[in-house]
Protein chains: 2
Amino acid sequence: MRVLGIDCGSVRTGYGIIDSDGRRHTIVSAGTIQVPPKESLEKRLMAIAGQLRAVIATFHPEAAAVEEVFHAVNPKSALKLAHVRGVALLVVAEAKLICGEYSPLLIKQCVVGYGRAEKAQVQFMVRSLLGESAPKQADACDALAVAICHATLGTRQSPVGAHL
Amino acid sequence: MRVLGIDCGSVRTGYGIIDSDGRRHTIVSAGTIQVPPKESLEKRLMAIAGQLRAVIATFHPEAAAVEEVFHAVNPKSALKLAHVRGVALLVVAEAKLICGEYSPLLIKQCVVGYGRAEKAQVQFMVRSLLGESAPKQADACDALAVAICHATLGTRQSPVGAHL
């Protein structure tokens, strides 16, 4: 199964595509969609949508996965992120991809084996699982972690928006 | 100027289009995009995007306007709304429309003359300004209020996302 993981952010949105049989994962592509932070929100959303569509058209993933969004940490950041997440979910749905949604805890459990792992541990494990070709950028790495989580859990993903 | 006002909501998204010279406003079309609340979030976003695109393609507005989103009232609702708002901003930007963004206080000031007016007062004034053809649905009325605010303030709108 080819899975696209997306790590939404209003300035940097990471994406990562893997091929996986559920246990072994190979990296196909990964990167960061970077938009100028001073650009207006709608222009940033257009850039993110355009580049996500291009990634899907180029690599033809069969499924997608995103992280859940919570309001607890920083309400203002969560609001910004939810705008981007709405656009990412739209692009994925318009490409007719089923989209899994996972909590940060579940992603860490899947990738590191421990739900409260540090970000650096997740990124270290992503590189361990995918080999030297895994990217160094944090956002791309986080996106690959979401993709690995989806591939590992298979059909057990919760439907997008179930927590909202 | 023909203005499209959008009142974002995850279950009901209102839209209202007016022709305006900045002082007198005529209703062109208004309605509510209703999506089943039990439908998954990405399907709701697709329906909203599709119907907003159809409204723009049919009525060719020259500008658009949306309400600001705040996290204060209900963080969970604000997060849901931000997903829809992200999609609405994307659709508007992809249609190459300039989009104004207004606080609820400013919209009420423009339409009722009093920033802390009740919702019912706003809806009453929208109907007074637009005549009998104004819709009775609250969401369509709220969208028309945003459009009236944009048309009245003219070029004084703040860029979208400025508060984020």
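Remember, predicted model here, so these are calculated numbers, not experimental data. Below, chain A is the first sequence line, B the second, and so on; all start at residue 1.
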Legend entry - N-O pairing of A/E94 and B/R53 below 4.0 Å: yes

Inset, instruction - Give a yes or no on this: more than 12 heavy atoms of other residues, nucleotides or ligands lie within 6.0 Å of atom CZ of B/R127. - result: yes

Inset, instruction - Dump the intermediate steps for side-chain contact (heavy atoms from CB on, under 4.5 Å) on A/H83 and B/H83, then the final yes or no. - result: CA-CA 5 Å; A/H83 280 75; B/H83 280 73; over 6 Å; no

Inset, instruction - In plain terms, say whether B/E42 and A/K96 are close enough for a salt bridge, that is, a side-chain N and a carboxylate O under 4.0 Å apart. - result: no

Legend entry - Connected via hydrophobic side-chain network under 4.5 Å: A/L105 and A/V146: no

Inset, instruction - Specify which of A/G50, A/A93, A/S10 makes the most heavy-atom pairs with chain B at under 4.5 Å. - result: A/A93

Inset, instruction - Would you indicate whether A/R12, at its atom CZ, is surrounded by more than 12 heavy atoms from other residues, nucleotides or ligands within a distance under 6.0 Å? - result: no

Inset, instruction - Could you tell me the separation between the CD atom of B/E101 and the OG atom of A/S40, rounded to the nearest 0.5 Å? - result: 10.5 Å

Legend entry - Within 6.0 Å of CD in B/E118, more than 12 heavy atoms from elsewhere: no

Inset, instruction - Work out which heavy atom in A/A78 is nearest to a heavy atom in B/L79; give both atom names and the distance. - result: O-CD2, 3.5 Å

Legend entry - Over all atoms of both residues, closest heavy-atom pair of B/L90 and A/L45: CD1-O, 3.6 Å

Inset, instruction - Verify the cluster assignment for A/F59 and A/I33: are they in a single hydrophobic cluster under the rule of side-chain heavy atoms below 4.5 Å apart? - result: yes

Legend entry - Option in A/A49, A/A82, A/A88 with maximal non-hydrogen atom pairs under 4.5 Å from chain B: A/A82

Inset, instruction - Answer yes if A/V11 and A/V84 sit in the same cluster of Ile, Leu, Val, Met, Phe, Trp and Tyr residues linked by side chain heavy atoms under 4.5 Å apart, and no otherwise. - result: no

